[in-house]
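Have a look at the structure below before the remarks.
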Amino acid sequence: MNRTIRSELEQINTQGLLRKTRLICGSQGARVSCDGRDMLLLCSNNYLGLADHPALAAASVAAIEKYGTSSGASRLVSGTMELHEQLERAVSSFKRSESALLFNSGHAANTGIIPALVGRGDVIFSDRLNHASIVDGILLSGARLVRYPHNDYRRLAVLMEKHAKGRSLIVSDGVFSMDGDLAPLAELVELKRVYNALLMIDDAHGSGVLGEQGRGSAEMCGVGHDVDIKMGTFGKALGSFGAYAAVSAEMRELLINRARSFIFSTSIPPAVLAASLAAVELVQTPAGDQLRKQLDHNSRYFRNGLKNAGFAIPNDSTPIVPIVVGAADTTMQFSEALMTEGIFAQGIRPPTVPAGTSRLRFTLMATHTQADLTEAVACIGRVGQRLGVV
Ligand SMILES: *Cc1c(COP(=O)(O)O)cnc(C)c1O
């Protein structure tokens with residue numbers, strides 16, 4: 001058995017795909033300490049800097065003092081705590097949905113929701129670049145999977161005409177996590193109507209960042225009311241942990257009865273619920289607007305800087321900025337070289353992205369300073385030239 005494990009590891013290593021975690025000291029701020037060295041953090045999804053915001057921390061501490069550290073069991077077993085209910089009310093008001101249901105993480109939401117809604121004999125239409133947790137949910141459901149080329153709604157229409165029988169579900173990231181581009185939401189809504197399908201949007205990277213008051217990508221595109229399942233997470237821009245599905249009251253009831261990741265898992269603890277609640281409130285205030293403005297400014301500044309340095313950077317306006325390198329080994333050399341220069345930007349390899357599209361995925365935060373970013377762009381340009389990436 002040991003030999004099998006070792007040979008599997010060797011195989012992963014030979015392919016240049018061995019992964020390791022890195023030890024970081026301190027919070028997910030703009031600068032972190034890694035092995036005693038100061039680094040600029042350019043790969044955290046803490047977009048608005050809320051992960052170490054005093055308002056969230058204070059809410060968490062107060063919740064621990066009042067409610068303790070654990071929820072004790074699944075909500076169907078030992079009950080819903082007041083904070084679960086308060087957070088669900090806050091989310092449905094934020095997302096302007098009839099109701100909302102919490103999940104323990106984005107991964108748990110996707111693997112719980114999809115099999116609760118469709119199964120054997122049904123069809124799921126899924127963008128080729130959807131997040132792995134969506135793929136896992138699809139596999140668990142047993143429904144037939146029809147993948148469509150990334151954001152190609154014309155091709156999706158052809159595929160739906162051919163395959164949409166029985167119940168069908170269209171599922172897409174709102175903002176694609178490794179590319180930073182947006183789904184064609186208006187077109188997906190149109191297709192869902194024509195073929196009488198359900199539409200689910202995973203807005204892990206849109207919640208708190210996009211649209212008025214950070215309500216999300218569907219709201220930004222004016223189709224907030226046309227998406228049947230608006231899934232989002234608290235672990236990224238919202239600086240906390242966990243996830244939600246903003247849905248109709250009926251859909252919520254079905255999920256409570258069918259979603260196995262909701263039914264068979266201890267619910268989110270008080271400290272986390274309180275931080276999420278504080279974050280949902282904060283992002284809707286003028287302070288939230290200010291953070292989004294700063295984030296947008298930083299994203300544009302960084303994108304333009306890399307473009308001027310000669311990199312092929314997509315024309316999107318999200319805080320996710322990829323440099324697609326291609327080969328996995330060159331990508332990791334790029335990432336390592338940046339590390340030695342004091343920049344922490346993780347290389348992303350298969351199976352997170354398709355083979356041949358390994359990349360550096362930079363993420364901007366509202367808390368980066370212009371000086372940080374100017375220096376980073378110059379450094380990335382130098383290293384990119386040295387490695388022949390630009
Ligand atoms: C991060 C992410 C998830 C998973 O959310 P977690 O709360 O981290 O489990 C799901 N979908 C997308 C698109 C993501 O980027």
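Indexing begins at 1, ligand by ligand and atom by atom, following the structure's order. Values in this document were obtained by computation on a predicted structure and should not be read as measured data.
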Q. Does S133 have a non-hydrogen atom less than 4.0 Å from ligand 1?
A.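 Heavy atoms of S133 do come under 4.0 Å of ligand 1.
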
For [X], counting its heavy atoms only, list the atoms of ligand 1 lying under 4.0 Å from any of them.
{"X": "D202", "value": "10 (C), 11 (N), 12 (C), 13 (C)"}
{"X": "D173", "value": "13 (C)"}
{"X": "S177", "value": "15 (O)"}
{"X": "S105", "value": "7 (O), 9 (O)"}
{"X": "H205", "value": "14 (C), 15 (O)"}

Is it the case that the side chain of [X] and the backbone of [Y] share a donor-acceptor pair, with hydrogens and angles ignored and the cut-off at 3.5 Å?
{"X": "R75", "Y": "F262", "result": "no"}
{"X": "S99", "Y": "S248", "result": "yes"}
{"X": "D122", "Y": "G119", "result": "yes"}

**Q.** Partner of Y244 by side chain to side chain donor-acceptor pair (under 3.5 Å), out of S97, S92, S207
**A.**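 Output: one option passes, namely S207.
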
Q: Looking only at protein heavy atoms, identify the closest one to atom 1 (C) of ligand 1 and say how far it is in Å.
A: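 For this ligand atom, the closest protein heavy atom is K236 NZ, 1.5 Å.
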
Q. Where on H107 is there a heavy atom closer than 4.0 Å to ligand 1, on the side chain, on the backbone, on both, or on neither?
A. both

Q.
Test salt bridge (charged side-chain N to carboxylate O under 4.0 Å, His left out) on E336 and R22; report intermediate values, then the result.
A. CA-CA 12 Å; E336 289 294 336; R22 288 185 197 277; 2.9 Å; yes

**Q.** Within-cut-off N or O pair, G106 and ligand 1, under 3.5 Å
**A.** yes

Q. Taking both backbone and side-chain atoms of T233, is any N or O found less than 3.5 Å from an N or O belonging to ligand 1?
A.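 In this structure, T233 places no N or O atom under 3.5 Å from an N or O of ligand 1.
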
Q.
I'd like to know if R31 and E375 make a salt bridge, using a cut-off of under 4.0 Å between side-chain N and carboxylate O.
A. no

Q: Apply the test side chain to side chain contact (heavy atoms under 4.5 Å, CB included) to residues V353 and R361: give CA-CA distance (whole Å), side-chain angles for both, the deciding distance (0.1 Å), then the verdict.
A: CA-CA 11 Å; V353 292; R361 170 190 180 267; over 6 Å; no

